[in-house]
Amino acid sequence: MRVDNNAASSPTSIGLGQNQININKEQSQASKFARELENAVNKKDQAKLYKSCQELESVFLNQILQSMRNTIPKSDFTGHSYATDLWESMLFEEYAKEISKSNSTGLADIIFRQLSQKL
């Protein structure tokens with residue numbers, strides 16, 4: 001009798017697909033943003049508030065990049081695995097952080113101006 005180790009360790013056999021992992025990560029990032037935002041407002045700390053706004057922009061940009069990635073058809077030429085999906089997901093998350101740090105979209109600035117009126 002042969003046991004297929006790949007089937008036992010695949011994310012679908014465990015019940016966790018990439019979408020569920022992304023949803024869980026987004027929920028944890030949203031709750032982290034909410035906590036940091038509340039701390040910044042309570043302490044009237046503009047630097048923390050701006051950093052939180054950049055993180056929110058990063059989450060938004062990551063969603064855009066993930067959506068763009070999902071439009072690219074998978075091919076057998078480069079291979080396809082759970083590890084590749086996970087690596088690409090982490091790569092796009094880092095891209096989103098770097099784009100946010102570069103202030104190229106201006107979204108963090110807009111959010112900061114809106115929220116800093118409450119300080």
Side-chain angles (χ1 to χ4, degrees):
M1 182 169 133
R2 185 170 166 249
V3 176
D4 188 5
N5 290 334
N6 291 336
S9 64
S10 75
T12 53
S13 67
I14 298 171
L16 292 177
Q18 185 65 33
N19 289 338
Q20 184 63 39
I21 291 171
N22 286 339
I23 290 170
N24 291 342
K25 188 187 299 184
E26 290 164 15
Q27 288 173 343
S28 98
Q29 288 173 338
S31 64
K32 179 183 173 192
F33 172 73
R35 283 190 310 272
E36 289 181 4
L37 178 62
E38 186 176 335
N39 286 339
V41 170
N42 289 340
K43 295 179 182 178
K44 299 191 184 304
D45 188 352
Q46 290 191 347
K48 278 188 177 182
L49 179 62
Y50 189 76
K51 184 177 183 245
S52 297
C53 292
Q54 277 187 321
E55 288 179 14
L56 180 63
E57 177 184 23
S58 174
V59 170
F60 177 70
L61 292 171
N62 187 32
Q63 285 298 312
I64 292 172
L65 293 173
Q66 293 292 342
S67 295
M68 291 169 56
R69 174 178 158 224
N70 291 337
T71 64
I72 300 171
K74 304 285 184 195
S75 80
D76 292 334
F77 180 70
T78 58
H80 180 70
S81 69
Y82 178 71
T84 303
D85 287 343
L86 184 62
W87 182 82
E88 286 179 352
S89 175
M90 292 187 313
L91 177 67
F92 285 120
E93 189 174 324
E94 290 301 314
Y95 282 161
K97 287 178 185 176
E98 291 301 315
I99 293 169
S100 179
K101 287 179 187 175
S102 72
N103 295 326
S104 59
T105 62
L107 185 59
D109 293 331
I110 294 168
I111 296 169
F112 175 75
R113 277 188 299 230
Q114 182 72 30
L115 294 176
S116 64
Q117 294 174 358
K118 295 183 179 188
L119 291 181

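Linking ILVMFWY residues whenever their side-chain heavy atoms come closer than 4.5 Å, directly or via other members, leaves Val59 and Ile111 in distinct clusters. No path of Ile, Leu, Val, Met, Phe, Trp and Tyr side chains, each step under 4.5 Å between heavy atoms, connects Ile110 with Leu49, placing them in separate hydrophobic clusters.
Between Cys53 and Leu115, the closest heavy-atom pair is SG-CD1, 4.1 Å. Counting all heavy atoms, side chain and backbone alike, Ala96 lies closest to Ser58 at CB-O, 3.3 Å.
Annotation: ring pair (Phe, Tyr, Trp, His ring centres under 6.0 Å) contacts involving residues 35-55, sequence neighbours excluded, comprise Tyr50-Phe112. Residue pairs satisfying the salt bridge (charged side-chain N to carboxylate O under 4.0 Å, His left out) criterion with at least one member in residues 98-115, sequence neighbours excluded, are listed as follows: Glu98-Lys101.
Taken to the nearest 0.5 Å, the CZ atom of Arg35 stands 10.5 Å off from the OG atom of Ser52. To the nearest 0.5 Å, the span separating CG on Leu61 from CD on Glu93 amounts to 12.0 Å. Put simply, CG on Leu86 and CG on Leu91 are 11.5 Å apart, with the number rounded to the nearest 0.5 Å. The distance from the CG atom of Leu65 to the CD atom of Glu94 is 12.0 Å, given to the nearest 0.5 Å. Separating the CG atom in Asn62 from the CD1 atom in Ile99 is a distance of 9.5 Å, to the nearest 0.5 Å.
Taking the ring-ring contact (aromatic ring centres under 6.0 Å, His included) definition, one finds that Tyr95 meets it with Phe92, sequence neighbours left out.
No donor-acceptor pair under 3.5 Å is formed between the side chain of Ser89 and the backbone N or O of Asp85. Distance alone, capped at 3.5 Å, is enough to place a donor-acceptor pair between the Ser67 side chain and the Gln63 backbone.
The number of heavy atoms from other shown groups lying within 6.0 Å of CE (Met68) does not exceed 12.
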